[in-house]
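The structure appears below as structure tokens.
Reminder, nothing fancy here: chain letters follow the sequence lines and each chain counts from 1. The structure displayed is predicted, hence computed values, not measured ones.
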Amino acid sequence: MKKVKVRFAPSPTGPLHIGGARSALFNYLFAKRYDGEMVLRIEDTDLERSRPEYEKEIIDSLRWLGISWTEGVDIGGDNGPYRQTERISVYREYVEKLLASGQAYECFCSEEELEKEREELLAKGEMVRYSGKCRYLTPEEREEKLKQGIKPAIRFKVPDNKVYVVNDLVRGKVAFETGNIGDFIIMKSDGIPTYNFAVVVDDALMGITHVIRAEEHLSNTPRQLMLYEALNFKVPEFAHISLILGSDRQKMSKRHGATSLIQYREKGYLPEAMYNFLALLGWSPEGEEEILTPEQINKSFSLDRVSKSPAVFDLDKLNHINQQHIKMLSLDRLKELLRPYLEASPYGEKIASLGPEKYELLVMALRDYLVCLSDIVEHARIILEDIEYEDEALQVLKGEHIKDLLLQFIDEYPPVDGVEEIKQYMKSLVKKTKLKPKDVFMPIRCALSGKTHGPDLPYLISIWGREEVQRRVRKTLEIIDRK
RNA sequence: GGCCCCUUGGUCAAGUGGUUAAGACACCGGCCUUUCACGCCGGUAACAGGGGUUCGAAUCCCCUAGGGGUCACCA
């Protein structure tokens with residue numbers, strides 16, 4: 001069997017978004033699965049909107065996700081260049097061929113004319129397609145237009161009454177009749193090819209065997225099939241994967257909140273969690289386990305298990321997957337990953353002066369609370385900020401004998417403050433006071449943190465240390481006295 | 001509007017003619033625990049509708065409805 005070769009071909013008109021990332025991932029997984037190759041091509045023929053900085057950002061995002069390729073803009077290869085604006089002469093060559101064989105023609109229609117035509121058709125309730133009027137221009141008319149300085153666009157002559165069948169790997173056979181398709185532009189009047197043309201030339205020349213892309217391209221496929229035929233290129237296999245929708249079931253867009261991969265990266269979603277989540281959006285593993293490492297996914301991916309129906313992006317699920325992947329991280333790795341978030345926060349200095357042992361305790365105390373890495377800042381608040389009293393905690397502090405308990409607590413506080421020692425001491429305190437555990441722990445928790453909820457008390461106490469604990473208790477005692 | 005795709009719980013989904021119609025997220029309840037979270041256990045909840053085909057349809061066919069995509073000198 002011929003070696004599988006796929007490609008991901010983003011246009012650098014914005015950051016890599018969720019949908020694009022998933023297309024890239026599915027291509028990558030497919031190539032990986034069959035030990036094939038992958039091309040990264042940049043489709044920057046939209047001169048208006050393309051920006052080099054986006055190209056860089058997209059590449060960064062892909063690399064972050066864990067996707068790599070065997071040929072592409074950044075690493076070169078035998079089929080370059082990989083940026084479409086650098087391949088204009090190649091497209092020109094093929095356009096000439098079509099022109100010479102009469103399969104394409106020059107179109108001099110102005111934008112206004114076309115717009116008017118479109119509106120008329122729409123008003124009459126007819127199919128919106130180009131009339132083909134420039135198809136039959138006489139040589140004299142053509143000369144005349146040229147003389148007027150009108151730069152023609154090149155249109156492809158769509159064959160009459162033909163049926164093109166896309167043999168889609170996820171959808172099966174899909175047929176299109178050419179009667180519904182008007183002659184389309186393959187090269188704009190400025191000499192830049194349009195998407196439908198460039199994509200065919202490039203995919204063919206680069207030896208792409210499988211085109212895996214979003215469903216929005218399905219109805220473009222017959223046009224591309226015509227071009228493959230006209231140019232005598234070998235037709236690749238196609239697989240159109242369903243769209244990713246927002247919670248309102250519309251195609252995912254900026255309105256739906258964070259849509260670019262980089263935003264998730266910044267919030268502290270793990271690349272392996274994103275990989276897992278994106279893979280599950282449209283693909284399902286055979287087993288029941290859904291929390292999977294990239295390696296596990298690479299091994300089991302297949303197009304047969306890709307769903308035809310569109311999927312709603314579910315942040316709850318992403319959160320869950322991220323949380324699970326965070327749990328799988330080693331403590332050392334987690335400490336490393338969390339540090340930048342803390343350092344960039346208002347607690348930057350405090351973290352720096354905390355020392356490695358206490359920093360580790362902080363991470364241990366808080367790790368189960370994290371849905372994403374940036375959550376650490378909010379959760380660290382209780383440890384790094386001075387006491388902020390909640391009403392509920394103040395209520396607890398009103399209880400009888402609270403003052404005695406607190407005094408006894410700081411008085412007997414052990415000379416060492418490891419988590420285990422503190423735990424033992426707390427137990428002994430419970431025994432001595434003959435109170436219910438809860439009646440010992442809760443007041444102390446409230447006195448120290450001002451809150452009724454939070455991480456395990458021994459951790460908090462251990463991180464703060466003797467002096468800080470005493471300071472906090474005294475502060476609380478003052479407040480109780482004042483009331 | 002034409003063409004095309006899609007339709008199993010709120011969401012992601014398994015299922016390919018005979019199942020008590022999986023599982024996951026979310027939600028609810030319980031347990032664990034010095035609190036919260038984590039974890040564990042359990043629960044609510046689905047085959048869009050209508051016709052066929054068949055001994056038997058979530059599964060096959062047709063129609064209807066709903067959603068989406070596309071019809072650019074955007075990709």
Check your understanding: Using the ring of each side chain (for Trp, its six-membered ring), is A/Phe197 parallel, tilted or perpendicular to A/Tyr91, with breaks at 30° and 60°?
Key -> perpendicular
Exercise for review: Examine A/His217 together with A/Tyr195 and report whether their ring centres are nearer than 6.0 Å.
Suggested key: yes
Point to revise | Residues A/Arg305, A/Glu286: salt bridge by 4.0 Å N-O rule | key: no
Using atom names, set out every protein N or O paired with an N or O of nucleotides 39-44 of chain B below 3.5 Å, distance rounded to 0.1 Å.
| residue | atom | partner | partner atom | Å |
| --- | --- | --- | --- | --- |
| B/G39 | OP1 | A/Gln324 | NE2 | 3.3 |

Check your understanding: For atom C1', what is the distance between B/C40 and B/U33, given to the nearest Å?
Key -> 12 Å
Review point. Contact class for A/Asn319 (heavy atom, under 4.0 Å): base, sugar-phosphate, or nothing?
Key: nothing
Point to revise | Separation of B/C36 P from A/Glu390 CD (nearest whole Å) | key: 13 Å
Check your understanding: With the threshold set at 4.0 Å, does a side-chain nitrogen-carboxylate oxygen contact exist between A/Glu106 and A/Arg155?
Key -> no
Review point. Salt bridge or not for A/Asp168 and A/Lys173, using N-O below 4.0 Å?
Key: no
**Study point:** Spatial distance of atom CZ (A/Arg92) from atom CZ (A/Arg87) [nearest 0.5 Å]
**Key:** 16.0 Å
**Study point:** B/C12: pairing nucleotide in any strand, Watson-Crick or G-U under 3.5 angstrom
**Key:** B/G23
Review point. Does OP1 or OP2 of B/C74 have a side-chain N or O of A/Lys188 closer than 4.0 Å?
Key: yes
Practice item. Round to a whole Å and report the spacing from OH of A/Tyr459 to P of B/C38. Key: 17 Å
**Study point:** Salt-bridge contact A/Glu113-A/Lys116 (side-chain N to carboxylate O under 4.0 Å)
**Key:** no
Review point. Hey, does A/Thr194 reach any base, or is it just sugar-phosphate, or nothing, if we go heavy atoms under 4.0 Å?
Key: sugar-phosphate
Review point. Mind checking the P distance from B/C62 to B/U70? Whole angstroms is fine.
Key: 26 Å
Practice item. Would you mind checking if A/Arg83 and A/Glu55 are paired as a salt bridge, meaning a charged N to carboxylate O distance below 4.0 Å? Key: yes
Review point. Contact class for A/His240 (heavy atom, under 4.0 Å): base, sugar-phosphate, or nothing?
Key: nothing
Exercise for review: Considering only atom P, compute the distance from B/C6 to B/A46 and round it to an integer number of Å.
Suggested key: 25 Å
Review point. Would A/Lys151 and A/Asp190 pass as an ion pair if we require N to O under 4.0 Å?
Key: no
Check your understanding: For B/G1, what is the paired nucleotide under Watson-Crick or G-U wobble rules, both distances under 3.5 Å?
Key -> B/C71
Review point. In whole angstroms, how far is the P atom of B/C12 from the CE atom of A/Met252?
Key: 13 Å
Point to revise | Between A/Phe301 and A/Phe26, ring centroids under 6.0 Å | key: yes
Check your understanding: When the C1' atoms of B/A24 and B/A13 are considered, how many whole Å apart are they?
Key -> 8 Å
**Study point:** Base-pairing mate for B/G42 - Watson-Crick or G-U, with both contacts under 3.5 Å
**Key:** B/C28
Point to revise | RNA chain B contacts among residues 366-385 of chain A, heavy-atom distance under 4.0 Å | key: A/Asp368, A/Tyr369
Review point. Can you tell me how far P in B/U64 sits from the matching atom in B/G69, rounded to whole Å?
Key: 22 Å
Review point. Rounded to whole angstroms, how far apart are NE2 on A/His453 and C1' on B/A37?
Key: 10 Å
Check your understanding: Whole Å only: how far is the CG atom of A/Leu457 from the P atom of B/A37?
Key -> 17 Å
Check your understanding: Expressed as a whole number of Å, how far does the C1' atom of B/A21 sit from that of B/C28?
Key -> 22 Å
Point to revise | Any side-chain heavy-atom pair of A/Phe313 and A/Leu318 under 4.5 Å | key: yes
Review point. With a non-hydrogen cut-off below 4.0 angstrom, is A/Lys251 in contact with a base, only sugar-phosphate, or nothing?
Key: sugar-phosphate
Check your understanding: Side chain of A/Ser219, base of B/C3: donor and acceptor closer than 3.5 Å?
Key -> no
Practice item. Determine the interatomic distance between P on B/C31 and the same-named atom on B/C36; round to the nearest Å. Key: 12 Å
Practice item. Describe the nucleic acid contact of A/Leu243 in one word from base, sugar-phosphate, nothing, applying a heavy-atom distance below 4.0 Å. Key: sugar-phosphate
Review point. Under a 4.0 Å N-O cut-off, is there an ion pair linking A/Arg171 with A/Glu215?
Key: yes
Check your understanding: Touch check for A/Gly282, heavy atoms < 4.0 angstrom, all strands: base, sugar-phosphate only, or nothing?
Key -> sugar-phosphate
Review point. Does B/A58 pair with anything, Watson-Crick or G-U wobble, both distances under 3.5 Å, and if so, with which nucleotide?
Key: none
Review point. Say you pick atom C1' in B/U44 and the same atom in B/A26; how far apart are they, in whole Å?
Key: 12 Å
Point to revise | Residue met sooner reading RNA chain B from 5', once A/Pro285 and A/Leu245 are mapped to nucleotides | key: A/Pro285
Point to revise | Ring centroid separation A/Tyr228 to A/Tyr164 under 6.0 Å | key: no
Practice item. Select from A/Leu280 and A/Asp456 the residue whose nearest nucleotide in RNA chain B is closer to the 5' end of that strand. Key: A/Leu280
Review point. Looking for any heavy atom pair under 4.0 Å, which part of the strands does A/Asp439 touch: base, sugar-phosphate only, or nothing?
Key: nothing
Review point. Donor-acceptor pair under 3.5 Å: do we get one between A/Asn220's side chain and the base of B/A75?
Key: yes
Check your understanding: Given the rule in the side-chain hydrogen bond (donor to acceptor under 3.5 Å, both in side chains) test, do A/Gln224 and A/Thr221 qualify, once you have shown the distances and angles that lead to the verdict?
Key -> CA-CA 5 Å; A/Gln224 294 168 20; A/Thr221 313; 5.0 Å; no
Give each protein N/O atom lying under 3.5 Å from an N/O atom of nucleotides 21-23 of chain B, with the pair distance.
| residue | atom | partner | partner atom | Å |
| --- | --- | --- | --- | --- |
| B/G23 | O4' | A/Glu288 | OE2 | 3.4 |
| B/G23 | N2 | A/Glu290 | OE2 | 3.0 |

So which protein nitrogen or oxygen atoms get under 3.5 Å of nucleotides 5-8 of chain B's nitrogens or oxygens?
| residue | atom | partner | partner atom | Å |
| --- | --- | --- | --- | --- |
| B/C5 | O2' | A/Arg171 | NH1 | 2.4 |
| B/C5 | O2' | A/Glu215 | OE2 | 3.4 |

Study note, to complete from the structure: Taken to the nearest whole Å, CD/A/Glu177 to C1'/B/C71 is 15 Å
Practice item. Scan A/Cys109 against the nucleic acid and name what it touches under 4.0 Å (heavy atoms): base, sugar-phosphate only, or nothing. Key: base
Revision key, fill the gap. Pairing partner of B/G66, by Watson-Crick or G-U wobble and under 3.5 Å for both distances, is B/C6
Practice item. Calculate the interatomic distance between A/Glu286 atom CD and B/A24 atom P; express it in whole Å. Key: 18 Å
Study note, to complete from the structure: What residues 42-50 of chain A contributes to the RNA chain B interface at heavy-atom separation below 4.0 Å is A/Glu43, A/Thr45, A/Asp46, A/Arg49
Point to revise | A/Glu43/A/Arg41 salt bridge by N-O under 4.0 Å criterion | key: yes
**Study point:** Carboxylate-amine/guanidinium contact A/Lys335 A/Glu360, below 4.0 Å
**Key:** yes
Review point. Would you say A/Thr194's side chain and A/Ile185's backbone share a donor-acceptor pair under 3.5 angstrom?
Key: yes
Exercise for review: Nearest whole angstrom, please: distance from the P of B/A75 to the CE of A/Met187.
Suggested key: 12 Å
Exercise for review: May I ask you to say what A/Pro12 touches in the nucleic acid, namely base, sugar-phosphate or nothing, with a heavy-atom cut-off under 4.0 Å?
Suggested key: nothing
Revision key, fill the gap. Applying side chain to side chain contact (heavy atoms under 4.5 Å, CB included) to A/Val211 and not counting sequence neighbours gives A/Arg7, A/Asp203, A/Ile208, A/Arg213, A/Pro236, A/Phe238
